[in-house]
S.K.: 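Structure provided below as structure tokens; questions to follow.
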Amino acid sequence: MSELTPLDPELVADVLSKHPFVNVEGVCNLRDLGMIPVADGEHLTRSGFMYRSGELSRITQHGEEQFHALGITTIFDLRSDAEIAKYDTATPQMKGINVSRTPVFEKKDYSPERMAQRFQLYASGKTEAFMQLYSEILDAGGPAFGAILRHVRDSPHDAFLFHCTAGKDRTGVAAALLLLLAGASSDAISADYALTRIGREPMRPIILSRLALEPLFASDPTAAHNLLSSREETMQAFIMMLDKRYGGVKEYVRRTCGLTDQDMVIIRQNLLTPIP
């Protein structure tokens, strides 16, 4: 099915009502990264600890109350200053919740729309195009991803959320790093990545209206189709690239995020809970 074709509303509503999706008023593509099996066969990732989503500028007062009920204490915003300003989508301040500005790219506008304009290959939808983008995210994202990992290391009782604009590319890379450190399989990580196809559906009209303002997408709807894709094979290819080009998740975290092997042991422990 085309990424531009609306999904069956009943299907979307049914999937969004169930784990791993979490319904918070004004927030799109919000998922709990808990209950994912890991390699030792004895543990799952913890529920109610790490969350991923799209941007939060539309969260309502009730949504903020729901965040408090979830126990979320810290939000990591992975977006650039330029894209926040362009769309006027700053994350609002919320009482009792620390909003940490941790951009993957400090100044450049690396919103999905701009990335597709910079990389015609990306708009082609080819796997190597996404690998080019995701490699740049890895190269630039050490400080941002390191901040998230240090939170896991130091604050295991404080639930946190990380997000970008759509909750797909930068957020997807961050989620993959966390789940790889936890010991989740590439299949499980790829399945989580692909859920963005359904998770972003309520924001479809807004996403398409933004894309329609970009000449590249106005003239070539297929480019928008490819831009919005979140296929399992893309994440599988990313994990293979991480192993081949960066020496695997642990080597990446050591070299680029500045964390030690002992840090990673603690992080893994804090991400897991025994299977009941």
Side-chain angles (χ1 to χ4, degrees), residues 7 9-36 44-81 83-104 111 144 147-168 170-172 174-175 178-179 192 195-207 209-210 270-273:
L7 296 174
E10 291 186 4
L11 169 66
V12 171
D14 180 60
V15 174
L16 294 182
S17 71
K18 300 174 182 176
H19 181 87
F21 287 99
V22 181
N23 290 311
V24 168
E25 192 171 85
V27 180
C28 185
N29 200 19
L30 174 59
R31 308 204 290 275
D32 182 343
L33 290 175
M35 295 181 65
I36 296 175
L44 304 169
T45 54
R46 289 171 55 196
S47 290
F49 181 49
M50 52 178 170
Y51 297 89
R52 58 176 292 175
S53 76
E55 55 98 350
L56 306 177
S57 65
R58 291 174 175 80
I59 191 169
T60 65
Q61 180 62 43
H62 178 58
E64 182 177 337
E65 293 168 359
Q66 290 174 298
F67 269 7
H68 286 295
L70 291 170
I72 293 172
T73 66
T74 303
I75 292 167
F76 295 96
D77 187 341
L78 302 175
R79 299 172 300 162
S80 70
D81 294 339
E83 68 189 283
I84 292 172
K86 176 179 178 178
Y87 297 121
D88 190 22
T89 54
T91 298
Q93 294 299 313
M94 290 174 265
K95 185 177 180 180
I97 298 177
N98 176 45
V99 178
S100 179
R101 290 281 297 113
T102 48
V104 169
S111 63
I148 295 172
L149 293 172
R150 288 179 178 86
H151 177 88
V152 175
R153 180 194 66 188
D154 299 337
S155 303
H157 303 297
D158 296 335
F160 66 99
L161 179 148
F162 54 97
H163 73 91
C164 52
T165 295
K168 181 173 83 75
R170 287 159 293 184
T171 298
L178 285 162
L179 293 174
D192 168 71
L195 285 173
T196 288
R197 173 65 179 96
I198 295 178
R200 66 165 173 77
E201 190 69 6
M203 286 284 289
R204 180 179 177 275
I206 293 172
I207 294 171
S209 67
R210 287 179 180 176
N270 291 345
L271 289 173
L272 299 180
T273 188

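The analysis underlying the following values was restricted to heavy atoms, covering all of them including side chains, and did not include hydrogens, waters or symmetry mates.
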S.K.: Considering non-hydrogen atoms only, spot the tightest contact between Ile198 and Pro202 and give its length.
M.R.: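 Heavy atoms only, the tightest pair is O-CD, 3.8 Å.
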S.K.: Quick one: does any side-chain atom of Asn270 pair with a main-chain N or O of Pro156 as donor and acceptor, under 3.5 Å?
M.R.: no
S.K.: Donor-acceptor pair, distance only, cut-off 3.5 Å: does the side chain of His163 make one with the backbone of Asn29?
M.R.: no
S.K.: Check Gly63 against Val24 and note the closest heavy-atom contact, atom names and distance.
M.R.: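 Smallest interatomic distance, heavy atoms only, reads O-CG1, 3.5 Å.
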S.K.: Does the Thr45 side chain pair with the main chain of Met35, one donor and one acceptor, at a distance under 3.5 Å?
M.R.: yes
S.K.: According to salt bridge (Lys or Arg N to Asp or Glu O under 4.0 Å), does anything in residues 148-166 pair up with another residue at least two apart or in another chain? List the pairs.
M.R.: Arg153-Asp263
S.K.: Quick check: closest heavy atoms across Leu33 and Ala175, and the distance to 0.1 Å?
M.R.: CD1-CB, 4.0 Å
S.K.: I'd like to know if the side chain of Glu83 and the backbone of Cys164 have a donor-acceptor N/O pair within less than 3.5 Å.
M.R.: no
S.K.: I'd like to check Gln66 versus Val27 (side-chain heavy atoms, cut-off strictly below 4.5 Å). Are they in contact?
M.R.: no
S.K.: Is Ile36 close to Leu44 at the side-chain level, that is, under 4.5 Å between some pair of heavy atoms?
M.R.: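 The answer is no; the side chains never approach within 4.5 Å.
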S.K.: Which distance, rounded to the nearest 0.5 Å, do you find between the CZ of Arg101 and the CZ of Arg79?
M.R.: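 Spacing of CZ (Arg101) from CZ (Arg79) equals 7.0 Å.
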S.K.: Would you mind reporting whether Thr165 and Thr171 have side-chain heavy atoms less than 4.5 Å apart?
M.R.: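 The answer is no; the side chains never approach within 4.5 Å.
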S.K.: Apply side chain to side chain donor-acceptor pair (under 3.5 Å) to residues Glu55 and Thr89 and explain how you reach the verdict.
M.R.: CA-CA 7 Å; Glu55 55 98 350; Thr89 54; 4.8 Å; no
S.K.: Please find the pair of heavy atoms, one from Thr60 and one from Glu25, that lie closest to each other, and give the distance.
M.R.: OG1-OE1, 2.6 Å
S.K.: Is any side-chain heavy atom of Pro20 closer than 4.5 Å to a side-chain heavy atom of Leu195?
M.R.: yes
S.K.: Less than 6.0 angstrom separating the ring centers of Phe160 and Phe49, yes or no?
M.R.: yes
S.K.: Tell me whether the count of non-hydrogen atoms from other residues, nucleotides or ligands lying under 6.0 Å of NE2 in His157 goes above 12.
M.R.: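 Not buried by this count: 12 neighbours or fewer within 6.0 Å.
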S.K.: Distance from Met94 atom CE to His68 atom NE2, nearest 0.5 Å?
M.R.: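 Those atoms lie 8.0 Å apart.
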S.K.: Are any non-hydrogen side-chain atoms of Arg197 and Val15 less than 4.5 angstrom apart?
M.R.: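 They are not in side-chain contact.
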S.K.: Once salt bridge (Lys or Arg N to Asp or Glu O under 4.0 Å) is applied, do any residues pair with Asp192, and if so which ones, sequence neighbours excluded?
M.R.: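 Salt bridge (Lys or Arg N to Asp or Glu O under 4.0 Å) list for Asp192, sorted by chain: Arg31, Arg52.
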S.K.: Side-chain contact, heavy-atom cut-off 4.5 Å: Asp77 with Leu56?
M.R.: no
S.K.: Roughly how far apart are Ile97 CD1 and Phe67 CZ, rounded to 0.5 Å?
M.R.: 6.5 Å
S.K.: How long is the span from the CD atom in Gln93 to the CG atom in Asn98, to the nearest 0.5 Å?
M.R.: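 The CG atom of Asn98 is 8.5 Å from CD of Gln93, to the nearest 0.5 Å.
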S.K.: Can you give me the closest heavy-atom contact between Met203 and Cys28, atom names plus distance?
M.R.: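 Answer, listing the atom of Met203 first, then Cys28: CG-SG, 3.1 Å.
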S.K.: If I compare all heavy atoms of Ser80 with all of Pro103, which pair ends up nearest, and what's the gap?
M.R.: CA-CB, 4.2 Å
S.K.: Just verifying a value: how many Å separate Ser100 OG and Ile148 CD1, rounded to the nearest 0.5 Å?
M.R.: 8.5 Å
S.K.: Using 0.5 Å steps for rounding, measure from the CG atom of Leu149 to the CZ atom of Phe76.
M.R.: 9.0 Å
S.K.: Do the side chain of Asp32 and the main chain of Gly48 share a donor and acceptor less than 3.5 angstrom apart?
M.R.: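 Side chain of Asp32 to backbone of Gly48: a pair is present.
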S.K.: Quick one: does Glu201's side chain have a donor or acceptor within less than 3.5 Å of a partner on Leu7's backbone?
M.R.: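 Yes, Glu201 side chain to Leu7 backbone: donor-acceptor pair under 3.5 Å.
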